[in-house]
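Bear in mind the structure is a predicted one, so any value in this text is a computation, not a measurement.
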Amino acid sequence: MNYEDIEYTVEGPAAIITMNRPKRYNAFRAKTVEEMINAFRRAWADSSVQAVILTGAGDKAFCTGGDVKQRAETGDYGPSESGMFEIGNLHKTIRDIPKPVIAAVNGLAIGGGHVLHVLCDLTIAADTARFGQSGPKVGSFDAGFGSAFLARVVGEKRAREIWYLCRQYDAQTAERWGLVNWVVPAADLLDEAKKIAGEIAEKSPTAIRVLKQSFNADTDHQAGLSNMAMSALDLFTHHTEEGAEGAAAFAEKRMPEFNKFAAI
């Protein structure tokens, strides 16, 4: 498959999936998501691949989530072959692939990009990386894995802080909170990720597969919450003035006027 939004390579035991939209800070549109699902399934089917590295092109961003500019322009995340925006299926694929997925966070991991790294089995961060949520700032949310699973990783209080305040946190803070496993110099990031993939490749693939499935079993019920959350998000962003206001304000580089939608 010829990819437009990502790059896919195999180096030794590692498949490397690179989100390649640096001019949009590697924000994903429907096509990007579809290509990533395809790439993960290629890695799944390749017996030479023992681990997958997920990273972003350039040195500014790992991924900044859904392409809000695209949403403001067209009202959706653009066309795809399936005709659907399959972000929920991407989340499921990252969890279901029976090989560890290593997030190599090279810059901003914000919004839906933050969710992607949280879902990966391991995260290695450049010392220049920054982490955080943006959903409520732009009229969006992830009430499934992006919040419920995050709470399992960092605890309820930290997860609520991340979502309610939409602040950005440096790599050292993320490591202290348990959001990332290691922080390394930016120049060493990909080499370190490949090194970790090499260590995994020395282990029994069946043992690793069963361990990943065992770790996932405790939170598999959150997939149901994720499905419900995606349905709610679709209704909110496409059929309410409040949802449209967030994207419009982002595209127009102004503060959104959410106060008129305050709940009673």
G78 to T74 - nearest heavy-atom pair and separation: N-OG1, 4.3 Å

Minimum heavy-atom distance E175-W182, with the two atoms named: OE2-CA, 4.0 Å

Between S204 and R209: side-chain donor-acceptor atoms closer than 3.5 Å: no

With sequence neighbours excluded, residues passing ring-ring contact (aromatic ring centres under 6.0 Å, His included) with F258: none

Residues E34, R29: salt bridge by 4.0 Å N-O rule: no

Side chains of E86 and S82, donor plus acceptor under 3.5 Å: yes

Linked, directly or transitively: V33 and Y3 (ILVMFWY side chains, under 4.5 Å): yes

For the student: nearest non-hydrogen atoms of F149 and V118, plus distance: CE2-O, 3.4 Å

Where D121 and K99 come nearest, the two heavy atoms and their spacing: OD2-O, 4.0 Å

Passing candidate, side-chain contact (heavy atoms from CB on, under 4.5 Å) with I124, options N181, L190, I102: I102

Counterpart residues, ring-ring contact (aromatic ring centres under 6.0 Å, His included), relative to H117 (two or more places apart): H114, F131

D67 and R24: CA distance, side-chain angles, deciding distance, salt bridge (charged side-chain N to carboxylate O under 4.0 Å, His left out) verdict: CA-CA 7 Å; D67 190 337; R24 291 284 179 107; 2.8 Å; yes

Greater than 12 external heavy atoms within 6.0 Å of K260's NZ: yes

K137 NZ: over 12 foreign heavy atoms closer than 6.0 Å: no

Neighbour count above 12 (heavy atom, 6.0 Å) for E81 CD: no

